[in-house]
Amino acid sequence: MIRCLHLVSFLLITLFRVQAEVVDTQAWEKRSPENTDDLLAIQKRLKELLPGAKKGLVGIEAMDGAGSGVVVSSDGLILTAAHVIGKTGKKMKVRFPDGKTASAISLGGSEISDAGMLQILDKGPWPFVEIAKNKNSKIGDWCFGIGHPGGFDSERGIVVRIGRIIEKKDETMQTDSRLLGGDSGGPLFDFDGKVIAIHSRISKRPDQNFHVPIESFRANWDFFRKEKLLTIEKIERGGFLGVSCEEREEGLVIQSVVPNSAADQAGLRQGDILLRINNQPIVNREKLTILISTKDVSEKVVIRYKRESKVHDLSLHLGSRLE
Amino acid sequence: MKLYFLKVSILLCLLSRINGAEFFEENSSTSLEENLRLNGITTQEALGAGKSQALDTTVRLLRNQKLIALGTLINPEGYLITKASSCVGAREAILTNGKTYPLKIKKRFEEVDLALYQLQGEGLEFNHVRWDKTRSISEESLVFSAFTELEEIRLGVASGSPRPIGREGGVMGVLLGREGKKLGGVEISEVVPQAAAYRAGLLPNDLIVRVDTRKVTRRDQVIKIVGAKDPGDLVNLEIKRKKLNKSIKVTLGHRSVTFDLFNRNLQMSGPVSKRKDNFPLILQHDLPLPKEAMGGPLFDIKGNFLGVNIARVDRVTVFTLPAETVRTYVEEWVPEKIN
């Protein structure tokens with residue numbers, strides 16, 4: 001079988017050669033590195049990308065601990081973890097790799113995905129890094145993380161870890177790139193040098209750590225930026241629809257409906273695809289929770305959904321989770 | 001962090017209530033297969049000869065059939081170096097080919113926590129690290145070492161500046177409270193469970209009057225005298241307990257071990273090396289090695305010998321003594337020039 005594959009790939013290579021001279025697969029794009037040269041190529045790429053990646057890294061110092069973050073715009077917007085900022089409107093200090101500090105204020109985030117934002121208050125321009133587009137990262141991709149594990153240490157400097165994406169689903173990404181407390185909020189980069197996720201939580205096994213995928217930030221960018229933080233408390237007290245969804249190509253598909261919930265009473269069913277709430281597009285599950293939980297119990301909302309390729313509008317009164 | 005975990009578990013409950021319980025159990029089959037991961041077999045095999053070299057030049061050191069450290073073979077006559085504070089009581093060594101040899105200690109270098117041994121056997125020639133292929137690294141590089149069973153290796157990144165690690169000093173394991181001339185000493189407000197002071201019988205509210213015959217009335221005086229000593233050293237305390245004077249001897253402990261109980265990063269790290277301080281120069285890397293895997297060699301992707309793993313610090317940090325530092329200590333104790 002393997003021989004057979006070799007033959008096929010040989011033929012393919014020959015064909016490509018004829019048509020387009022050379023088609024290069026980079027070492028980090030292969031299913032797995034095949035030899036020392038591949039590993040050396042991965043190392044070389046890492047070394048090329050690190051200087052650019054490091055310039056946006058900050059250590060974040062709060063009263064009750066330390067974390068990391070990454071600057072993503074010249075005016076000083078920082079992506080970090082929700083559990084690093086804790087709440088909105090909190091004054092914090094950020095420290096660049098050269099030791100220089102700036103004052104910042106926490107914006108919003110979400111305790112579901114653990115996405116958080118922070119804004120530098122001092123005037124820029126600040127060094128920053130680019131973030132990846134949606135769906136640019138997938139399981140198996142090589143990645144590297146940087147941060148200040150255990151807190152900022154000028155003698156040690158920035159600590160780098162490398163790994164591959166081992167899982168990516170909904171609000172979390174898992175990699176085998178290692179993490180420690182203090183790394184929280186630090187950036188994970190792809191081998192294009194763009195931020196694909198933010199370090200969130202460590203798992204008991206050191207090679208299965210959790211990150212907030214960049215998609216979670218992009219989906220709720222404006223909400224987070226406007227100093228809004230979705231907390232567990234808010235979810236508990238806010239409006240309740242009563243659906244369980246899965247993100248698929250075609251949209252947010254209802255997997256199940258909680259009996260007697262607002263969704264159930266209004267007639268939403270398994271398989272319906274949710275499109276909009278009050279005319280705002282629902283791009284992921286977290287967005288749905290944000291749109292629903294920030295409304296009051298009994299508030300009226302208009303839901304646009306698709307059933308058997310027909311689009312319907314439905315208006316209903318939200319329920320309470322505590323009922 | 002604890003609080004945060006609590007929140008996460010609440011969150012998980014909450015989400016499963018919102019979404020129905022099925023959501024968290026599905027889809028584990030799509031995750032990247034173990035073989036392809038950073039330390040999967042496929043990645044390890046890509047190292048080819050480098051992998052065999054790491055396994056062939058590393059030995060396992062046993063005490064009562066239990067692994068206590070790894071060692072680095074440094075010449076054909078079976079001389080090996082290992083982590084001195086981990087290998088106490090090592091009687092035999094096993095190679096990757098399964099062969100066992102008795103061990104003979106040659107020299108300990110306490111300053112850098114290294115010990116030199118020789119495998120005992122007639123007319124043998126051992127594989128060993130190549131001293132003509134050493135390299136010092138100053139920027140991020142991929143590195144690897146043999147894993148505990150000498151069947152696999154572990155790959156990771158060396159990063160952070162090569163640097164000296166300062167001395168931690170010995171500690172009693174107490175928190176100091178009130179102080180002053182009026183009080184007539186320094187009061188102990190808390191005693192760390194299982195720490196040196198606890199084992200010596202010190203109690204909260206004991207008033208420290210003298211340390212090694214010197215009268216003390218301020219916290220910094222106590223800290224200065226005790227901090228100048230090393231773990232294992234003795235301090236003589238004169239204390240006042242319920243108006244009675246007592247004298248108590250405390251054998252000092254390691255700072256890191258004593259206060260690990262309070263360090264949440266270390267709680268999440270599993271067992272770390274007892275000695276992880278006071279090195280003239282170290283390289284830092286993130287290989288997932290247990291503390292019993294210290295003493296073995298570290299290599300770069302090209303197979304250059306970088307140094308000897310000397311301390312597991314936490315779940316993302318191992319310190320390595322650079323090859324050149326190791327060489328300056330052991331060279332004169334090894335017959336003929338090592339190369």
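In the text below, chain A, chain B and the rest are named by the order of the sequence lines, each starting its count at 1. None of these values were measured; they are calculated from a predicted model. Atoms considered below: every heavy atom in the structure, side chains included; atoms not considered: hydrogens, waters and symmetry mates.
We find the CG-CG distance between A/Asp38 and B/Leu47 to be 11.0 Å, quoted to the nearest 0.5 Å. The CG atom of B/Asp300 lies 11.5 Å from the CG atom of A/Leu39; values are rounded to the nearest 0.5 Å. The OG atom of B/Ser161 sits 9.0 Å away from atom CG of A/Asp153, with the distance rounded to the nearest 0.5 Å. If you take CG on B/Leu142 and NZ on A/Lys47, they are separated by 8.5 Å, rounding to the nearest 0.5 Å. Residue B/Thr42 holds its OG1 atom at 10.5 Å from CD of A/Glu34, rounded to the nearest 0.5 Å.
Of all heavy-atom pairs between B/Arg315 and A/Ile202, the closest is NH2-CB, 3.4 Å. Across A/Pro33 and B/Ala46, no two heavy atoms sit closer than the pair O-CB, 3.3 Å.
Between B/Arg37 and A/Asp176 there is no salt bridge, since no side-chain nitrogen of the basic residue lies less than 4.0 Å from a carboxylate oxygen of the acidic one.
At a heavy-atom cut-off of under 4.5 Å, chain B is reached by A/Arg156, A/Ile158, A/Val159, A/Val160, A/Arg161, A/Ile162, A/Gly163, A/Arg164, A/Ile165, A/Ile166 from residues 156-166 of chain A, listed in order of number. Within residues 301-308 of chain B, the residues that have a heavy atom under 4.5 Å from a heavy atom of chain A are B/Ile301, B/Lys302, listed by number.
The side chain to side chain donor-acceptor pair (under 3.5 Å) pairs that include a residue from residues 140-152 of chain B are A/Lys54-B/Glu140, B/Gln44-B/Glu152, B/Ser145-B/Asn309, B/Glu152-B/Arg154, where partners are two or more places apart or lie in different chains.
Proximity of B/Leu38 to A/Ser177: side-chain heavy atoms (C-beta onward) are nowhere separated by under 4.5 Å. Counting heavy atoms from C-beta on, the side chains of A/Gln174 and B/Ser31 never come closer than 4.5 Å. Using a 4.5 Å cut-off on side-chain heavy atoms (C-beta onward), B/Val157 and A/Gln43 make no contact.
For A/Glu29, the CD atom is densely surrounded, since the number of other residues' heavy atoms within 6.0 Å is greater than 12.
Here A/Leu179 is the residue among A/Leu46, A/Asp207, A/Leu179 with the most heavy-atom pairs under 4.5 Å with chain B. Ranked by heavy-atom pairs under 4.5 Å with chain B, the list A/Lys168, A/Glu155, A/Lys44 is led by A/Glu155.
When heavy atoms are compared at a cutoff of 4.5 Å, A/Ile254 does not approach chain B at all. Proximity to chain B (any heavy atom under 4.5 Å) is shown, for A/Glu233, by neither the backbone nor the side chain. There is no contact between A/Asp141 and chain B, counting heavy-atom distances below 4.5 Å.
For A/Phe152, the side-chain contact (heavy atoms from CB on, under 4.5 Å) partners are A/Arg95, A/His148, A/Ser154, not counting sequence neighbours.
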